[in-house]
Structure formats: structure tokens, C-alpha cells
Participant: 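Quick one: the structure is below, questions incoming.
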Amino acid sequence: MDDFEKIIRDTYNDICNGKNIGNVADYIPELSCVDPDQLGVHIHTIEGNSYGYGDYQTKFSVQSIAKVLSLSLAYQIEGDAIWKRVGVEPSGNPYNSLVQLEDDEGIPRNPLINAGAIVVCDILVSRLEDPKADFLDFIQDCCGARNIGYNNKVADSEKSVGYRNVALCNYIKSFGNIENEPDEVLDFYFTMCSLEMTCEELTSVFMFLVSSKYRSQQNNKILNETKANRINAIMQVCGFYDESGEFSFKVGLPGKSGVGGGIIAVHPEKYTIAVWSPRLNKKGNSYRGMKFLEQFTSATDSSIF
Ligand code: GLN
């Protein structure tokens with residue numbers, strides 16, 4: 001048993017016994033059906049150890065966590081040309097905000113807010129023969145698992161009320177930064193967000209962002225060193241929307257949240273860790289997920305700072 005195993009178990013027990021406040025993301029009707037009091041945690045270390053507690057083998061809607069994976073695939077295909085279409089600055093605004101797009105002339109601040117992720121989806125729709133299937137293949141290549149898929153009910157549910165994302169896509173198109181028809185881009189965006197994974201699958205998929213030593217051992221050619229570092233840098237400053245500073249301050253790791261209540265965090269030299277607890281705070285990030293990670297990195301002294 002290493003330190004991580006004991007600390008993750010103790011932290012899990014503490015968080016389980018503590019307060020659980022906030023609401024599930026009911027603006028997507030299908031997500032309001034999820035039992036809000038589930039809690040899963042899983043860690044995957046560079047030595048190949050893996051420990052999970054609670055509901056770590058239950059699939060959940062990863063939502064915006066998928067934006068990191070679509071960005072990684074687009075970066076792999078497109079290289080640095082991608083940064084002509086989307087920036088790398090924290091937005092300081094909610095994930096679904098429209099306000100900066102007018103000043104920025106349709107170039108979203110970063111790829112982890114909805115506006116930026118929609119531009120990334122447009123790039124993938126242009127470049128891939130079958131974006132939905134090819135995106136799944138990419139994820140499955142990252143971890144070797146074959147049973148990762150979308151939840152069409154969740155995608156349809158979001159599509160039926162996704163007026164803001166429709167507005168974002170149309171607005172960006174009016175500036176010439178969307179090449180394809182908005183319906184096609186949004187269909188891919190909603191489907192991508194409906195991706196379902198367990199905490200255990202997430203930690204395994206995200207190992208491509210951990211240390212080059214690990215990547216070469218695994219013969220993992222998903223992204224080269226520079227590109228992987230840059231994805232981590234973007235997560236560090238943009239992964240939690242207008243709560244990115246708070247996450248960086250309290251947890252000290254690159255990470256990404258989703259409104260399904262999941263958070264993935266990457267220690268670039270040591271491990272990936274995933275937490276899932278569906279109740280969200282006011283900024284749309286998992287209430288217990290944030291608490292768990294703050295406590296875990298403090299107890300293991302593994303903030304990267
Ligand atoms: N699909 C969600 C949306 O577009 C993703 C948001 C999130 O997870 N922050 O609103």
C-alpha cells in the first residue's frame with residue numbers, strides 16, 4: 001500500500017461524511033434524473049497503481065471534460081494553426097457566456113468554454129470523415145477500452161433546449177470563424193458532451209497528459225511533449241471557467257470540470273485523478289469534487305506549485 005491509497009481512502013471517507021450542497025445541472029433535463037448523492041474517486045499513478053472508492057465504476061455524463069479530448073485531437077491534426085481560431089486566455093466569465101465574442105470578433109478566448117469548444121468541433125467536422133466515430137476511436141486509443149460511448153438521450157435532451165449554444169455558434173459563424181453549417185457543428189458538440197465514462201476510465205484516458213517518461217514507456221503517441229504541456233497549461237488557467245483561479249489556488253493541478261459533476265485533474269509527473277459528485281456549486285463545478293481535490297493535494301503535498 002502506498003501513501004496515495006491511504007490518503008485517497010481517508011479523504012473519500014471525510015468527504016462522504018461532510019456536507020453535500022448545490023444542485024444537479026437540471027438545465028439539461030436528462031441530467032436532472034441522476035442521483036445527486038453519488039460520489040466516486042479514482043487515481044491512476046505513473047507506477048501503474050490504481051485505487052478507487054465509492055461510485056468510481058459508474059458511468060456519468062462527462063460534458064465539458066470532453067472538451068479537453070476534442071481539443072487534443074484537433075491539436076494533433078491541425079497543429080499550431082488551431083490558435084488562429086481560438087485563444088488561450090482565461091475568460092473570467094461563465095462557460096456559456098456570449099459577451100466577449102463581439103469585442104474579440106468571433107475568436108473565443110479559449111477552447112474550454114462553450115464558444116471555443118464549438119470552434120474546435122467545427123475544425124473536427126471539417127477534418128474528420130466521421131467525427132462522432134473518429135472521436136470515439138481517439139478516446140479508445142488513449143486507454144485501450146472499447147466500451148466508451150455517447151448517451152443519445154442526453155445529447156437529444158440538451159439539443160432540445162440548447163438555445164444558448166445555438167446562439168454562440170451562429171454568432172461565431174457571422175464573424176466567419178465557423179466553416180460548416182451550425183446544425184452539423186452543434187450536433188457533434190452535443191453528442192461529444194454526452195460522452196459517458198467512469199472515474200476509472202477517465203484516469204486511464206487522461207494518462208496521455210502525464211510525464212514524457214510514462215508516455216514513452218507506453219509508446220503513447222497521442223501528443224508530443226510540447227503539445228501535452230500546452231494542454232495542461234490551458235487546463236490550469238481555463239479549466240474551471242470563472243473559478244479557474246480558485247481551483248488553481250486551492251488544488252494546484254491542471255484540471256477540467258463538467259456539469260455532469262465530474263472533475264479530472266492531472267499531476268504532470270505523478271498521476272491522474274478523477275472525482276464525480278453531481279451537485280454543482282454556483283459556478284457549475286462539482287461541490288464535493290473541488291473539496292475532495294483540495295484536501296487530497298494538501299494531504300499528499302502534490303500541488304505542482
Ligand atoms: N454541454 C454543456 C453545455 O454546453 C457543457 C457545459 C459544461 O459542462 N460546463 O452547456
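We count ligands from 1, going down the list as the structure has it; atoms in each ligand are counted the same way. The structure presented is a predicted model; accordingly, all values stated were derived computationally and were not measured.
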Participant: What protein heavy atom is closest to atom 3 (C) of ligand 1, reported as residue, atom name and distance in Å?
Facilitator: Glu158 OE2, 3.0 Å

Participant: Roughly how far, to the nearest 0.5 Å, is CZ of Phe240 from NZ of Lys250?
Facilitator: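 One gets 12.5 Å once the value is rounded to the nearest 0.5 Å.
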
Participant: Counting both backbone and side chain atoms, is some N or O of Tyr241 under 3.5 Å from an N or O of ligand 1?
Facilitator: yes

Participant: How far is atom 7 (C) of ligand 1 from its nearest protein heavy atom, and which residue and atom is that?
Facilitator: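 For atom 7 (C) of ligand 1, the nearest protein heavy atom comes out as Ser64 OG, 2.6 Å.
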
Participant: Taking atom 4 (O) of ligand 1 as the point of reference, which of Tyr95, Phe190, Tyr27, Tyr189 owns the nearest heavy atom?
Facilitator: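 Considering heavy atoms of Tyr95, Phe190, Tyr27, Tyr189, the nearest to atom 4 (O) of ligand 1 sits in Tyr189.
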
Participant: Do we get Lys159 above Phe190's six-membered ring, with its NZ or CZ under 6.0 Å from the centre and within 45° of the axis?
Facilitator: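 No, a cation-pi geometry is absent between Lys159 and Phe190.
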
Participant: Kindly give the heavy-atom pair with the smallest separation between Tyr150 and Lys132, and that separation in Å.
Facilitator: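 So the two residues come closest at OH-O, 2.6 Å.
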
Participant: Of all the atoms in ligand 1, which lie at a distance below 4.0 Å from a heavy atom belonging to Cys193?
Facilitator: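 In order of number, 1 (N).
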
Participant: Could you tell me which atoms of ligand 1, counted from 1 in the order shown, lie closer than 4.0 angstrom to a heavy atom of Asn165?
Facilitator: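 Taking each heavy atom of Asn165 in turn, ligand 1 has 3 (C), 4 (O), 10 (O) under 4.0 Å.
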
Participant: For Arg164, which part has a heavy atom under 4.0 Å from ligand 1: side chain, backbone, both, or neither?
Facilitator: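 It is neither; nothing of Arg164 touches ligand 1.
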
Participant: For Gln63, take its heavy atoms, then give the atoms of ligand 1 lying under 4.0 Å from any of them.
Facilitator: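 Within the 4.0 Å cut-off of Gln63, ligand 1 contributes 1 (N), 2 (C), 5 (C), 8 (O).
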
Participant: Considering non-hydrogen atoms only, spot the tightest contact between Ser91 and Gln100 and give its length.
Facilitator: O-NE2, 2.9 Å

Participant: What distance do Arg288 atom CZ and Asn281 atom CG have between them, rounded to the nearest 0.5 Å?
Facilitator: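 So the CZ of Arg288 and the CG of Asn281 are separated by 13.5 Å.
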
Participant: Report yes or no: does Asn17 contribute a side-chain atom to a donor-acceptor pair with the main-chain N or O of Asn13 at less than 3.5 Å?
Facilitator: yes

Participant: Going by distance only, is there an N or O of Gly258 that falls short of 3.5 Å from an N or O of ligand 1?
Facilitator: no

Participant: Below 4.0 Å from ligand 1: does a non-hydrogen atom of Asn114 turn up there or not?
Facilitator: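 True for this residue.
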
Participant: Minimum heavy-atom separation for Ala66 and Met192, please, with both atom names.
Facilitator: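 Closest heavy-atom pair between Ala66 and Met192: CB-O, 3.5 Å.
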
